[in-house]
Amino acid sequence: MTTLLEVSGISVTFDGFRAINNLSIQIAEPELRAVIGPNGAGKTTFMDIVTGKTRPDEGRVIWGEKSVSLLGMSESQIARAGIGRKFQKPTVFETQTVRENLAMALHNKRGPFDVLFYRRSKAAAARVAELAEEIGLLDALSRRAGELSHGQKQWLEIGMLLAQDPRLLLVDEPAAGMTPAEREHTTDILKRAAETRAVVVIEHDMEFVRRLGCKVTVLHEGSVLAEGSLDHVTRNQQVIDVYLGR
Ligand SMILES: Nc1ncnc2c1ncn2[C@@H]1O[C@H](COP(=O)(O)OP(=O)(O)O)[C@@H](O)[C@H]1O
Ligand SMILES: [Mg+2]
């Protein structure tokens, strides 16, 4: 395992309020990491900084074996560098089928020169089927995305992100609004995706985090309060005081 993303000493102030305070986090490749912490801890802002949506006032964000700084890059440059992000609300094309949604995401990745090749090729169809299998929607390939359940839409969007083959996938509260069975399936998808890439998941549902079975980072007031296995961090008295015990 080598370090893929190194965030060190970042701080962000919004109108005088320090949302991120000297935060340092390292993510390896491959790795599955859960980020937990109370509302307002800075979890989403952390993802905003990594994806270039928010600029930190200080600190460094270093990416890949060439140790490139992400801070000078635009959001689209960061996405092209291999960082994919899943927002809370699914943004699939409702009138298109699951197959079409996945194929479009694949074409976006290939760029204009490969579009014709990929549109017709068996390789593209095989990759679409592989992605559908990975997200558990193989039987739903011909269904319109608008007909899918909330959970299935979330999986489709994860599949569309995986089609871009990111080295780092950032996922913000995927389990919200899902049934228990959907949550279980979502942990399976994320665990599998993290076998070959880095996946960072923000989640409140402790059962979900336990199923992920990965290293956990607890954020509080914009800094890391504790880090380690779920058992390790949930025994931490400060974590109990600010998060678990409430
Ligand atoms: N664009 C923004 N402008 C002003 N305040 C913000 C902005 N984004 C986040 N904040 C504030 O920063 C803090 C951290 O927010 P956030 O990262 O969304 O927390 P979390 O995702 O852990 O719940 C909150 O107090 C929030 O109100
Ligand atoms: Mg948030």
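Whatever order the structure lists ligands and atoms in, that order sets their numbers, starting from 1. Note that the structure is a prediction, hence the values are computed from the model and not measured. Numbering starts at 1 and runs along the sequence shown.
When side chains are defined from C-beta on, K153 does not count as touching E147, because their heavy atoms never get closer than 4.5 Å. At a threshold of 4.5 Å between non-hydrogen side-chain atoms, the residues R167 and R197 do not count as touching.
Shortest non-hydrogen contact noted between V61 and I10 is CG2-CG2, 4.1 Å.
One finds a salt bridge joining D48 and R85 here, because a Lys/Arg side-chain nitrogen approaches an Asp/Glu carboxylate oxygen to under 4.0 Å. Between E130 and R127 there is a salt bridge, since at least one side-chain N of the basic residue sits less than 4.0 Å from a carboxylate O of the acidic one. Salt bridge R210/D231: present, at least one basic N to carboxylate O contact under 4.0 Å. Classification of K86 and E203 as a salt-bridged pair fails, no side-chain N sitting under 4.0 Å from a carboxylate O.
Protein atoms of type N/O/S that fall under 2.8 Å from the Mg ion (ligand 2) number 1 in this view.
By the salt bridge (Lys or Arg N to Asp or Glu O under 4.0 Å) test, R80 is found to be paired with no residue, residues two or more places apart in sequence or in another chain being considered. H220 pairs by the ring-ring contact (aromatic ring centres under 6.0 Å, His included) definition with nothing, not counting sequence neighbours.
In this structure, ligand 1 sits under 4.0 Å from heavy atoms belonging to F14, F17, A19, P38, N39, G40, A41, G42, K43, T44, T45.
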